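Notes follow once the structure below has been shown.
Just so you know, ligand 1 is whichever comes first in the structure, and atom 1 is the first atom listed for that ligand. The shown structure was predicted, so the numbers you read here are calculated from the model rather than taken from an experiment. Note that the numbering runs from 1 along the sequence shown for the chain.
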Amino acid sequence: MSTVVLVGAQWGDEGKGKLTDYLAEKADVIVRYQGGNNAGHTVVAGGREFKLHLVPSGILHPGKVCVIGNGVVIDPEVLRRELESLTADGRRLAALYISERAHVIMPYHRLCDELEEDCPDGLRRLGTTRRGIGPVYTDKYAREGFRVVDLLEEGAAAALKSMAWRKAEVLRRMHGVDGPEPEQVARDYLAYAEFLRPYVRDTSLLVHEAARAGKNILFEGAQGTLLDIDHGTYPYVTSSNPTAGGAAVGAGVGPRVIDTVVGVTKAYTTRVGEGPFPTELTDETGELLREAGREFGTTTGRPRRCGWLDAVILRYAARVNGLDYLAVTKLDVLRGLPALRICRAYRYRGREISDFPARLSVLAECEPVYEELPGWTEDVTGVRTYDGLPPAARGYLARLAKLTGVPVGLVSVGPGREQTIVLAKFFKKARRGF
Ligand code: IMP
């Protein structure tokens, strides 16, 4: 058996889509374990481009099994539309199973997300994707949520109406707005229950049995380490655990099921939404990275903030995820910059610190301590071997591995599947079945 967790090592958008696609080809089961349709990645299949938000990326491979785990939150309307658009041209999809324990996004969650983001005092503004993610996880932990299986209960209509009524009351008092009409909520969600019913399974059992049968399992994380509710730049985080431990909880398996953890990082850093970002470049170089790297959100279209690579973040990601390998994406984007910088530590009030701080007030004051490395002018998009890379690019990757203590196992030099340089045996093997 072989199982791998793929996590973002930065603030999300590291190019996990390509890596998931690479690993999904030989995986038997692909599991999403957290988040919801706040995620977004682009997958190219049969010459067509697909933007996926909720379903695991293996969905475009018929014959595979895709799982939406208990740690994921589901907006049923989004799922319905996503599946419809994927099958519009008669395309066959992988088998899809949804955990009976996954929580469901309700219309009042979306409304609440919008209202908090637009609050005139700006106090609650986090720059969310406005998909209702924070509020649905809030209700999950407040034990006021609806799991998929709850929608299939006989008393679902009454429970839905009563909760929608309560939420409407809260919305009226807190924000002075009318919430979704309870009768309508009940009608809509009973209809969604029928749509969901054929997909619903005890997916923990399914994944457990697949693991016992020696299948290859890919646990696909959404977002990234610094957006993790526990380990990220709180409160500018998402409301779930993208870090590797979240895979066990969010899929319903024991941690020892996981063999390998791969962290995906860009060759530089990006972030969407609010919050401190020590290596951010607000100058021409930042603009250059944004243009060359096409750094605009898949889900919201927002321009991403761009900056130099931050080894403090990656060391932290290595620790909290237990990374075995780094997969470095978008190395080609750095071409043409006369000199490159990697942040090896932070300077905080005259003192050097090498570990990522928990306090945002500290992070906001941290100045990056950079190492400067030579750039390269050669186009690397056609390079397929490590030795074929310009010496400066090899030097950059070697320094990154040294500063983080994690071997670079794979390098991506363009969006195409073939634009990949494999360094570690693990990724070579993964082409045959990991
Ligand atoms: P939420 O997940 O919509 O609540 O948003 C919380 C924070 O996570 C915001 O800063 C979002 O921009 C960020 N976020 C959520 N999903 C993604 C993602 O897939 N990529 C990058 N940032 C994300």
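Checked by distance only, ligand 1 and Asn38 come closer than 3.5 Å through their nitrogen or oxygen atoms.
Considering Arg130, Arg125, Arg131 in turn, Arg130 is the only one that fulfils the salt bridge (charged side-chain N to carboxylate O under 4.0 Å, His left out) rule with Glu114. With Tyr108 as the fixed residue, the side chain to side chain contact (heavy atoms under 4.5 Å, CB included) test singles out one of Pro182, Pro135, Pro180: Pro180.
Distance from atom 21 (C) of ligand 1 to its nearest protein heavy atom, with residue and atom name: Asp13 OD2, 3.1 Å. Counting only heavy atoms of the protein, atom 5 (O) of ligand 1 lies nearest to Thr128 CA, 3.3 Å. Considering only non-hydrogen protein atoms, atom 12 (O) of ligand 1 sits nearest to Arg302 NH2, 3.0 Å. Scanning the protein heavy atoms around atom 2 (O) of ligand 1, the nearest turns out to be Thr238 OG1, 2.6 Å. Closest to atom 15 (C) of ligand 1, if we only count protein heavy atoms, is Gln223 CG, 3.8 Å. The protein heavy-atom contact nearest to atom 3 (O) of ligand 1 is Thr129 OG1, 2.5 Å.
The Ala39 neighbourhood of ligand 1 comprises atoms 19 (O), with distances under 4.0 Å to a heavy atom of that residue. Near Val272, meaning under 4.0 Å from any of its heavy atoms, are these atoms of ligand 1: 10 (O), 12 (O), 21 (C), 22 (N). Those atoms of ligand 1 with a heavy atom of Trp11 less than 4.0 angstrom away are 21 (C), 22 (N).
A salt bridge links Asp150 with Arg147: at least one charged nitrogen is closer than 4.0 Å to a carboxylate oxygen. Here Lys330 pairs with Glu295 in a salt bridge; the nearest charged N to carboxylate O distance falls below 4.0 Å. By the 4.0 Å N-to-carboxylate-O rule, Lys167 lies close enough to Glu144 to be salt-bridged with it. With respect to the salt-bridge test (charged N to carboxylate O, under 4.0 angstrom), the residues Glu169 and Arg166 do not qualify. Under the 4.0 Å criterion applied to side-chain N and carboxylate O atoms, Glu352 and Arg344 are assigned as salt-bridge partners.
Counting only non-hydrogen atoms, the option in Gly127, Gly134, Pro235 that gets closest to atom 10 (O) of ligand 1 is Gly127. Closest heavy-atom approach to atom 23 (C) of ligand 1 within the set Leu227, Thr233, Val73, Val237: this belongs to Leu227.
The side-chain heavy atoms of Arg417 and Glu25, taken from C-beta on, include a pair separated by under 4.5 Å.
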